[in-house]
Protein chains: 2
Amino acid sequence: MNVNPTIHDVARAAGVSIKTVSNVLNDNPKVGPETRLRIRRLVDEMGYRPNLSARGLRSGKTGVIGLAVPSLRETYFAELADSVIRAAAKKGLRVVIEQTNGDRDLEIATLSGGQMRFIDGLLFSPAAIGQQDVDVLTTNDPLVLLGERIFGGPTDHVTMHNTSSARAAVEHLLNIGRTKIALIGAPEQPADEASSANLRERGYRQALENSAIGIDPRLVVRGGTWHRETGVAAIRRLRESNVDFDAVFALNDTLALGALRALAQYGLRVPQDVAVMGFDNIDEGRFSLPSLTSVDPGRDEIAETAVALLVNRIQEKDEKAAPKTVKSGFRIVQRESTGFADGDGRTLLST
Amino acid sequence: MNVNPTIHDVARAAGVSIKTVSNVLNDNPKVGPETRLRIRRLVDEMGYRPNLSARGLRSGKTGVIGLAVPSLRETYFAELADSVIRAAAKKGLRVVIEQTNGDRDLEIATLSGGQMRFIDGLLFSPAAIGQQDVDVLTTNDPLVLLGERIFGGPTDHVTMHNTSSARAAVEHLLNIGRTKIALIGAPEQPADEASSANLRERGYRQALENSAIGIDPRLVVRGGTWHRETGVAAIRRLRESNVDFDAVFALNDTLALGALRALAQYGLRVPQDVAVMGFDNIDEGRFSLPSLTSVDPGRDEIAETAVALLVNRIQEKDEKAAPKTVKSGFRIVQRESTGFADGDGRTLLST
DNA sequence: CTCGCTATGTACAACGTTGTACCTTTTGGG
DNA sequence: CCCAAAAGGTACAACGTTGTACATAGCGAG
């Protein structure tokens with residue numbers, strides 16, 4: 001019994017037809033109780049495990065979905081992948097992870113790639129393609145878009161309240177009395193596309209324009225990837241430009257963590273001299289020095305919703321339903337970097 | 001052309017047999033140059049993409065490997081997954097990630113699970129099973145073990161120099177003049193199994209026993225998962241027990257980062273009052289406050305080696321080669337937490 | 001001009017599973 | 001006691017691909 005047994009081997013051993021074995025495996029009703037039991041036992045004994053390629057070929061479903069993200073090295077996506085794998089596991093699905101490295105060609109290749117004849121559907125988090133590429137999303141294969149960059153496309157879409165949560169974040173900084181609020185991680189070109197960066201910048205502008213304060217362009221640091229280095233560099237730029245600031249809104253947490261480090265190097269105390277607000281609420285922010293106030297976009301909710309939508313699309317028989325867009329709720333978790341110094345932080349606002 | 005074309009559709013359109021199309025797709029030589037070109041063009045035009053289930057069924061290979069890790073929420077494993085996906089992509093393989101949550105039953109299920117009839121092979125990083133479970137590794141399916149916990153098993157194994165690198169790490173702390181070196185993240189029961197924790201603790205003990213200093217059991221904090229919280233708690237335990245310490249060796253970086261935070265809360269300066277050494281060299285450690293000296297186990301090397309070994313096993317025809325064990329090199333990267341305050345840190349020692 | 005080779009291609013089976021259609025026995029109601 | 005229907009099962013094809021074995025044409029050497 002050293003080689004993998006097939007359904008034929010089990011059937012032969014049980015003295016029944018292969019279809020009966022198949023029926024047992026799939027819990028089809030047309031099998032007598034004692035036959036069922038006997039076959040179950042044999043399956044265990046022989047170590048039979050169905051061949052998913054064969055099953056996939058016959059039934060057109062593999063039980064595997066794809067998740068395309070820029071890179072698991074970016075903490076947000078690692079945590080998102082964790083949530084997606086858990087959500088998928090609950091539905092009996094496995095997840096193949098494809099890293100696109102934020103490369104446009106790779107993203108397009110992933111969307112139209114050979115891969116699609118193997119996975120039942122794809123969760124796709126774009127980082128490079130934009131509104132002008134909306135037609136590459138037109139496909140018969142189940143596809144759910146995650147995040148921003150493309151709106152009104154032909155697919156389901158799970159996104160977050162980028163603008164309003166960013167506005168709420170900046171309002172929190174205003175509420176604690178800050179008036180010179182720097183923005184870091186802002187897009188290279190303001191408002192050139194529906195990226196997370198642009199949508200969040202819009203929230204920043206709205207909050208400041210609604211207040212009496214208004215925008216000081218010197219406080220907006222543009223450019224760079226959303227990594228820790230960029231956060232460090234942004235603070236350096238602000239210092240070198242001699243502009244005064246008492247708060248920093250970083251468009252994601254890794255930027256904010258880089259900023260925390262740079263601020264400390266300049267001898268600026270957080271939150272006394274400068275308050276810092278991040279975005280994403282990654283685990284790391286609970287343990288930084290100081291711990292980081294952040295916008296929590298609800299990763300688990302995003303993942304569960306996205307997987308549920310994808311499963312619906314996969315099961316969809318003939319007529320396709322119109323594309324759905326779901327926005328997950330958000331909350332703001334206040335921690336030390338904006339002056340709340342107790343344990344795990346507190347939820348300030350939630351939708 | 002709204003439905004996915006098969007090789008039959010392409011063959012019909014080209015006026016050739018399906019086998020000729022197949023030959024083109026697989027770069028088999030027996031096709032004339034102009035036929036080849038014509039079929040290539042049709043494949044592109046029609047958007048033909050091979051069905052991997054069918055290919056997998058026929059050829060027994062799917063081009064997909066599995067990676068089983070405790071959780072992508074643990075930074076080390078997220079970065080390892082990144083490296084593995086990259087290494088696999090170079091060989092034309094995709095990666096399904098299975099999270100075992102450090103759960104023994106889940107780990108065993110993953111090893112013997114239905115999954116194995118679908119992936120070509122598995123990279124398995126155990127967190128719960130141990131030497132006593134060595135027989136669950138006995139399988140015909142290609143399997144490469146990553147990390148510790150089981151040695152001398154029936155499979156290939158990629159591991160690191162846990163003990164000697166930990167010894168080198170502690171020697172570094174001794175070299176900078178520290179004598180009261182705490183150990184955090186130590187195993188619950190000393191030396192009960194070949195876990196990373198035990199092997200690294202052994203290195204700690206060797207370094208101290210080789211010096212004139214010896215072990216002070218009050219400096220060894222046992223128990224807890226290797227997360228930031230545990231690092232925080234460990235420092236609290238040390239403070240509450242009133243034992244004096246001038247350095248901390250954390251058995252992984254997240255522990256160390258938790259420790260950094262707790263030390264700051266107690267007003268202890270790093271490295272002036274307490275030097276801190278981590279293990280894993282995750283990205284985050286380059287931007288913590290202060291940046292973290294750490295043992296770099298060479299994730300990329302580990303991933304490349306593991307994938308290469310797995311590919312060899314997958315291609316293995318009849319007789320199986322004896323199991324191989326490969327140990328990756330390590331280096332120690334010194335940063336601010338042990339007194340080196342310049343840019344990206346410096347490599348102290350490398351193998 | 002014919003043999004044998006190479007170059008190019010074809011037909012068919014097989015991989016392991018599930019869906020469809022059918023067949024046989026038992027069972028119970030009239 | 002007979003017949004219909006339910007219960008339990010079977011046989012065969014099909015999913016899309018690739019390996020094996022064979023077919024045909026063209027061409028150069030003898």
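Naming: A, B, ... by sequence-line order, numbering from 1 per chain.
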To the nearest Å, give me how far apart [atom1] ([X]) and [atom2] ([N]) are.
X	N	atom1	atom2	result
A/L52	C/dG16	CG	P	14 Å
B/N51	D/dA14	CG	P	18 Å
A/N23	D/dG8	CG	P	12 Å
B/H8	C/dA13	NE2	C1'	12 Å
B/E34	C/dA7	CD	P	14 Å
A/M46	C/dG16	CE	P	13 Å
A/I39	D/dG9	CD1	C1'	10 Å
A/R38	D/dG8	CZ	C1'	12 Å

>> Any carboxylate oxygen within less than 4.0 angstrom of a Lys/Arg side-chain nitrogen, looking at A/D44 and A/R41?
In response: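 Salt bridge flag = no for A/R41 with A/D44.
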> Is the closest basic N to carboxylate O distance between A/E316 and A/R313 below 4.0 Å?
Replying inline: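 Yes, this pair counts.
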> Which letter, B, S or -, goes with each nucleotide of nucleotides 19-24 of chain C from 5' to 3', with contact meaning a protein heavy atom under 4.0 Å?
Replying inline: B-----
Nearest-nucleotide pick for [X], side chain only, options being [options]:
X	options	answer
A/T20	C/dT17, D/dG9, D/dT18	D/dG9
B/I7	C/dG16, D/dT17, C/dT8	D/dT17
A/R55	C/dG16, C/dT18, D/dG16	C/dT18

>> Once rounded to the nearest 0.5 Å, what's the spacing between atom CD1 of A/I119 and atom CG of A/L93?
In response: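 So the CD1 of A/I119 and the CG of A/L93 are separated by 11.5 Å.
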>> Working to the nearest 0.5 angstrom, can you tell me the gap between A/D120 CG and A/I65 CD1?
In response: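 Those atoms lie 8.5 Å apart.
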>> Can you tell me how the ring of A/F118 sits relative to the ring of B/F118, calling it parallel under 30°, perpendicular over 60° and tilted otherwise?
In response: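 Taking B/F118 first and then A/F118, their aromatic rings lie parallel (interplane angle under 30°).
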> Does anything in residues 10-18 of chain B reach DNA chain D, meaning a heavy atom under 4.0 Å, and if so which residues?
Replying inline: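 Heavy-atom cutoff 4.0 Å gives B/I18.
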>> How about NZ on B/K324, more than 12 heavy atoms from neighbouring residues, nucleotides or ligands closer than 6.0 Å, or not?
In response: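 Buried by this count: over 12 neighbours within 6.0 Å.
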Note, [X] side chain near [Y] side chain (heavy atom, < 4.5 Å):
X	Y	value
B/S22	B/I18	no
A/I97	A/V84	no
A/V21	A/Y48	no
B/P5	B/E45	no

> Using a 3.5 Å cut-off on both pairing distances, which stems of three or more Watson-Crick or G-U pairs include DNA chain D?
Replying inline: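 Stems found: C:1-30 with D:1-30.
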>> If you assign each of B/L57 and B/T35 to its closest nucleotide in DNA chain C, which residue comes earlier from the 5' end?
In response: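 Its nearest nucleotide lies further toward 5', so the answer is B/T35.
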> Between B/N51 and B/T6, does a side-chain hydrogen bond (donor to acceptor under 3.5 Å, both in side chains) hold up when you go through it step by step?
Replying inline: CA-CA 8 Å; B/N51 178 320; B/T6 75; over 6 Å; no
> Any donor-acceptor pair under 3.5 Å linking the side chain of A/E107 with the backbone of A/G102?
Replying inline: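 No.
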